[in-house]
Amino acid sequence: MSSTPVRYNFRETEAKWRKVWDERQTFRARMDKARPKYYVLEMFPYPSGRIHMGHVRNYTQGDVIARYKRARGFNVLHPMGWDAFGLPAENAALEKKVHPKKWTYENIATMKKQLQSMGLSLDWSRELASCDPSYYRHQQKMFLDFWKAGLAYRKEAWVNWDPVDNTVLANEQVIEGKGWRTGAPVERRKLTQWNLKITHFADELLERLGTLDRWPEKVRLMQANWIGKSQGARVFWQLTDASGADRGKLEIFTTRPDTLYGATFAALSAEHPIVADLAENDLGLQRFVAESRKTGTAAAEIETAEKIGYKLPLLAKHPLVPGKTLPVYAANFVLMEYGTGAIFGCPGHDERDHEFATKYGLPIIPVVMPEGADPASFSVAAEPFVEDGIIINSDFLNGLSVEDAKARVIARLEEMGVGKGTTQYRLRDWLVSRQRYWGSPIPVIHCAKCGIVPVPEKDLPVELPEDVDFDKPGNPLDRHPTWKHVSCPQCGGPAQRETDTLDTFIDSSWYFDRFTSPNLATAPFDREEHDYWMPVDQYIGGVEHAILHLLYSRFWTRAMREVQMTSLDEPFDGLFTQGMVCHETYRAADGSWLLPEEVERTPSDKGGGGNVVRVSDKSPVEVGRSEKMSKSKKNVVDPDQIIHDYGADTARWFMLSDSPPERDLEWTEAGVTGAWRFQQRLFRIASEAIGELPPVGTPKPATFPEAATALRRAAHKAIAGVSADIEAFHFNKAVARLYELASTIDQVKPEDDATRWAKREALEIFVRLAGPMTPHLAEELWQTLGHKSLLADSPWPLAEDALLVDDTVTVAVQLNGKLRGTLQLPKDSPKDEAEKAALALPELARGLDGKAPKRVIVVPNRIVNVVV
RNA sequence: GCGGGCGUGGUGGAAUUGGUAGACACGCGAGAUUUAGGUUCUCGUGCCGCAAGGCGUGGGGGUUCAAGUCCCUCCGCCCGCACCA
């Protein structure tokens, strides 16, 4: 139309619409019982400094859902807050001499501004930060309530100890068995710490997974495995020393009581009380125990460490075989935290036991063999047989299946009084004490006379003192001159505050509850608001939280139910786990990592890749494979820069196109410019068309020419398709449909009023469908099309059913399963007609070469397969 | 070690219940227009082959008229493992 090119000024336009939404409080959520609610939540960010592309992806996805559900008439709650306590703030304090509070709030300010530049439909009036005493006072109160309800208790637990810094280390701070700052070999120490009784709900947490049908199957599976319910038996073994004198009983838990006859040794955890006892008079054993403690507390470390054992001066009497005794070891691969801290080793049917038995020359007896194997020749000497099979070499169990044998042997053990069938969980109670400053104080007081006393409710919150120093490692609360010294609330005598703080997973276990009434001072939430908004209808976040955060939140919800705060069972009705954002890595000749902006691609002489060189001196750069964006490898792209250069809509559009949201996304410059060009194209299509379109509200013509009907079909099919795609989180497919619709619209050059009407209809549909993804541009185009209302307040378009079905279908014709041609047939043609049409196809006749078909398979509307 | 996942053109990825593999996009090639602050438009583009045709969804095997999809087996990569959040 016009010879002057139309350009979309995204900077001005995006700012304009954000201001309008903000001023009109478009996204403010208010309880309204007359309307159905929809609670969309993305995992709140840790304020690490600046937002990264992972945030952009996460919040874009959530915003698509939030805007879509608003358009569909839901009363949407879409809040944002800050997971503001945590280790990095203390690290910053140590390294940069900034107070954790200052560092955290500065980061929040920066990141809030960044998030706001994305044009997210958030209700910022509900913003919260978990480090704010007005937030954590409620979790202190809840902690005390849980304690009173018997859900919190103290017990000894191991921590990683740095002997140089005299401080407790997080698993993350232990690198190859050494302290991250000191390099000193890490030791394990025992401390008395607070735990929450998550195991009290183990069975319910497992059972209710089955009802979470809007959760990814893999997350439910991971949680089920984590809870790890297993049926097994506790077996009591009589211990003796070499002379046969009674040395007490040993209790062993096993999930494989059916292999009891294959037991050739017993092994105790290095932390088992019996081992501790024996070690008192055994230097070698002391050394062994000390050696075992050098492994950190992480399960992966313990289980990959070389299996070593120490033979104890004990024998265990086999409970079913008179006269048979087993050697007893202390072993580093037996976990004190699981079962009874002791196992019997059946090397024939367990990988770890096999490795151990081979190493220490212990006998290996097969007691299960595959069905149909020959018992005389079946051997497990080379490797254990861990699958289901038939029991052998096991007295009264011979010939039974594994399952039947388990039941029979448990019955026998119970009869004899030497064992008991039990259910065991892998899940351990939640250890919530942290020896750190930047967390919510545990509101208890230690009194020499009264013991552990809760801080009275009127004294809550227990606030963190701000005058702390980070000159030394360790917990500044512990060495604060005055903070911990208080008088006992019960007896008034001198007492001390608990200086441990709560695990930050607690902060994130109820923030979604708090969002329902974030400004209420007297309680964590208003019951009516909570009942209205909860549960979260759609929760979105990284799969790295699949187990811990989500399980702890499910627990916390139940704990609140236990103390009558809610009647809610599950906090998250729907869950979606998004993939990571990745980028190529670049290395200079000297091996140092380079930022993407420090390298460039030189065009090659004839097409194809080209070389990658350093911008500064054109030296060659080694290109590594794409990995998760991380500061350490410098393969990061700053969202701020992208939003400044291309606009928020481009960043959002790129995040949604191409990659399925649950999979990893590869960030590429080409992809961004592609998204940018499409924004420009859309603006041009709409701007150029506007002059020829009928005004808003022009009545629908009675009839349409064929081309107009085709356009209307495309548009209405897009409504159905995009809606279904958004509901199913297939944003990349929704984007592809919008590309198609845009091309279709652009190609229609109307020459009559009905087609002009259809083009306006199609454009309006397009703009409304694109609204959740590229909200600023869509809002601008909505106005360009002549609307006075906000697109953000407009309803989702409705598809006309009649336009969704075609009257002809393309049917594939195959010869022996190989495609020979296609047919256009009326929809739902009878089978014999489809067959007749297929056999008449020249391409088929050529392949058939005069032979008569043996068989013809007809799948209506899909395929005709001729078999000769 | 245990648990979970992923693997389709040069690239990101599409593909109801097994039913035309490669939608859409990037890149690349050819052409047109001509933009000069990131151009735009048309056509082509899985591989081999002049063609007919053949081969193709990480490798190997199987079930089926028909397999990316179901089964077995092997390989590669990624994530979680309780004090990172």
Side-chain angles (χ1 to χ4, degrees), chain A residues 5 7 43 45-46 48 83 85-88 159-160 168-174 216-219 221-222 224-226 228 297-305 307 333 337 351-352 355 426-436 503-505 507-508 542-549 551-552 579-580 582 607-609 625 627-628 645-646 657-660 662-666 668 670-671 673-678 680-681 684 730 732-733 735-740 743 746 810-814 816-822 846-847 854-857 859 861-867:
Chain A
R7 290 188 64 85
M43 291 180 182
Y46 179 78
S48 54
D83 190 10
F85 272 138
L87 209 46
V159 293
N160 297 307
V168 177
L169 299 176
N171 281 339
E172 181 192 53
Q173 297 171 315
V174 180
E217 184 58 36
K218 64 171 175 178
V219 174
L221 240 174
M222 280 194 264
N225 287 328
W226 187 260
T297 59
E301 255 187 289
I302 293 168
E303 286 166 36
T304 48
K307 290 170 188 41
F333 66 96
E337 290 78 24
E351 307 270 1
R352 290 162 303 179
E355 189 185 327
R426 208 185 71 99
L427 183 69
R428 302 199 299 260
D429 277 336
W430 179 9
L431 193 155
V432 296
S433 296
R434 297 290 181 273
Q435 294 70 43
R436 311 197 186 289
D503 181 6
T504 58
F505 270 122
D507 311 341
S508 54
V543 71
E544 65 272 20
H545 296 288
I547 299 174
L548 294 181
H549 161 58
L551 197 59
Y552 290 149
M580 301 179 297
C582 302
R625 65 182 177 77
E627 293 179 64
K628 178 182 180 173
D645 289 350
Y646 297 97
S657 51
D658 291 353
S659 294
E662 71 280 7
R663 237 191 271 180
D664 290 352
L665 173 141
E666 164 87 12
T668 60
T673 52
W676 186 84
R677 276 200 292 267
F678 186 65
Q680 294 291 340
R681 180 164 177 235
R684 186 184 53 76
H730 294 160
N732 54 323
K733 287 161 69 181
V735 166
R737 285 185 207 278
L738 289 174
Y739 275 120
E740 277 181 305
S743 295
D746 196 26
T810 309
V811 172
V813 179
Q814 297 181 333
N816 290 331
K818 280 180 186 162
L819 186 70
R820 282 297 113 108
T822 58
R846 191 163 59 226
K854 252 193 252 163
R855 201 177 149 190
V856 180
I857 292 124
V859 182
N861 299 328
R862 291 207 166 262
I863 207 161
V864 179
N865 188 12
V866 180
V867 184

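Sequence lines set the chain letters: A, B, ... in the order given, protein chains first and strands last, and positions in each chain run from 1.
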R352(A) atom CZ, over 12 foreign heavy atoms within 6.0 Å: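 No - once you tally the heavy atoms of other residues, nucleotides and ligands closer than 6.0 Å, there are 12 at most.
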One character per nucleotide, please: for nucleotides 37-50 of chain B, 5' to 3', B when the base has a protein heavy atom closer than 4.0 Å, S when only the sugar-phosphate does, - otherwise. -B-SSS--------
With side chains defined as the heavy atoms from C-beta onward, is the minimum distance between [X] and [Y] less than 4.5 Å?
X	Y	answer
K733(A)	S657(A)	no
N160(A)	N171(A)	yes
V159(A)	Q435(A)	yes
R684(A)	D746(A)	yes
V811(A)	T822(A)	no

[atom1] gap between [N] and [M], integer Å:
N	M	atom1	result
rC50(B)	rC65(B)	P	37 Å
rA14(B)	rC6(B)	P	12 Å
rG68(B)	rG46(B)	C1'	15 Å
rC47(B)	rA82(B)	C1'	50 Å
rG10(B)	rG59(B)	P	13 Å
rG61(B)	rC84(B)	C1'	45 Å
rU39(B)	rC48(B)	C1'	38 Å
rU63(B)	rA30(B)	P	48 Å

Tell me if the side-chain of [X] makes a donor-acceptor pair with the base of [N], cut-off 3.5 Å, by modelled atom types.
X	N	value
E544(A)	rC84(B)	no
D658(A)	rG12(B)	yes
R663(A)	rC6(B)	no

Check whether any side-chain nitrogen or oxygen of [X] sits under 4.0 Å from OP1 or OP2 of [N], and answer yes or no.
X	N	answer
N225(A)	rC2(B)	no
N816(A)	rA66(B)	no
T504(A)	rA85(B)	yes
K218(A)	rC6(B)	no
R855(A)	rC65(B)	yes

What closest approach, in Å, do W226(A) and L548(A) show between heavy atoms, and which atom pair accounts for it?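 Closest approach of W226(A) to L548(A): CZ2-CD2, 3.8 Å.
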Which residue lies more 5' along RNA chain B, comparing V867(A) with Y552(A) via nearest heavy atoms: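 First, find each residue's nearest nucleotide; the 5'-ward one identifies V867(A).
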Let me know, please, whether E740(A) or E351(A) comes out on the 5' side of the other along RNA chain B by nearest nucleotide.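 Between the two, 5'-proximity favours E351(A).
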Quick check for you: among [options], whose closest atom lies nearest to any side-chain atom of [X]?
X	options	result
L548(A)	rC84(B), rA14(B), rA82(B)	rA82(B)
Y46(A)	rA82(B), rA85(B), rC83(B)	rA85(B)
A736(A)	rC84(B), rA23(B), rU20(B)	rA23(B)
Q814(A)	rA82(B), rA15(B), rU20(B)	rU20(B)
K818(A)	rA85(B), rC83(B), rC55(B)	rC55(B)
N171(A)	rC65(B), rA82(B), rG54(B)	rA82(B)
N865(A)	rA66(B), rG4(B), rA82(B)	rA66(B)
I857(A)	rC65(B), rA85(B), rU17(B)	rC65(B)
I547(A)	rC65(B), rA82(B), rG80(B)	rG80(B)
W226(A)	rA82(B), rG3(B), rA14(B)	rA82(B)

Contact class for [X] vs. all strands (heavy atom < 4.0 Å): base, sugar-phosphate, or nothing?
X	result
T668(A)	nothing
S508(A)	nothing
H549(A)	nothing
G671(A)	nothing
A546(A)	nothing

Rounded to the nearest Å, what distance is computed from the [atom1] atom of residue [X] to the [atom2] atom of nucleotide [N]?
X	N	atom1	atom2	value
R434(A)	rC84(B)	CZ	P	8 Å
K854(A)	rA66(B)	NZ	C1'	15 Å
N861(A)	rU17(B)	CG	P	17 Å
D507(A)	rA85(B)	CG	C1'	11 Å
E662(A)	rG5(B)	CD	P	13 Å
L431(A)	rC83(B)	CG	C1'	8 Å
R862(A)	rU69(B)	CZ	C1'	13 Å
F678(A)	rC24(B)	CZ	C1'	11 Å

Supply the atom-to-atom distance Y46(A) OH to D83(A) CG, rounded to the nearest 0.5 angstrom.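 One finds 8.0 Å between OH of Y46(A) and CG of D83(A).
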About how many Å separate CD of E662(A) and NZ of K218(A), when rounded to the nearest 0.5 Å?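 The CD atom of E662(A) is 7.5 Å from NZ of K218(A), to the nearest 0.5 Å.
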My validator wants the stems of RNA chain B: runs of 3 or more consecutive Watson-Crick or G-U pairs, both distances under 3.5 Å, written as range with range.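 Output for stems: B:1-7 with B:75-81, B:10-12 with B:24-26, B:27-32 with B:40-45, B:46-48 with B:53-55, B:58-62 with B:70-74.
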Show your working on side-chain contact (heavy atoms from CB on, under 4.5 Å) between N225(A) and R426(A) and close with a plain yes or no. CA-CA 8 Å; N225(A) 287 328; R426(A) 208 185 71 99; over 6 Å; no
Is the ring pair W430(A)/Y552(A) parallel, tilted or perpendicular, if the boundaries are 30 and 60 degrees?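 Plane angle under 30°, so parallel.
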Walk me through it: do Y646(A) and T673(A) pass the test side-chain contact (heavy atoms from CB on, under 4.5 Å)? CA-CA 8 Å; Y646(A) 297 97; T673(A) 52; 3.6 Å; yes
Where does rG9(B) land, syn or anti, once you apply the within-90°-of-0 test for syn?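 Judged by the O4'-C1' to base torsion, rG9(B) sits in syn, the angle falling within 90° of 0.
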Stepwise, does the side-chain contact (heavy atoms from CB on, under 4.5 Å) test hold for Q814(A) with R820(A)? CA-CA 5 Å; Q814(A) 297 181 333; R820(A) 282 297 113 108; over 6 Å; no
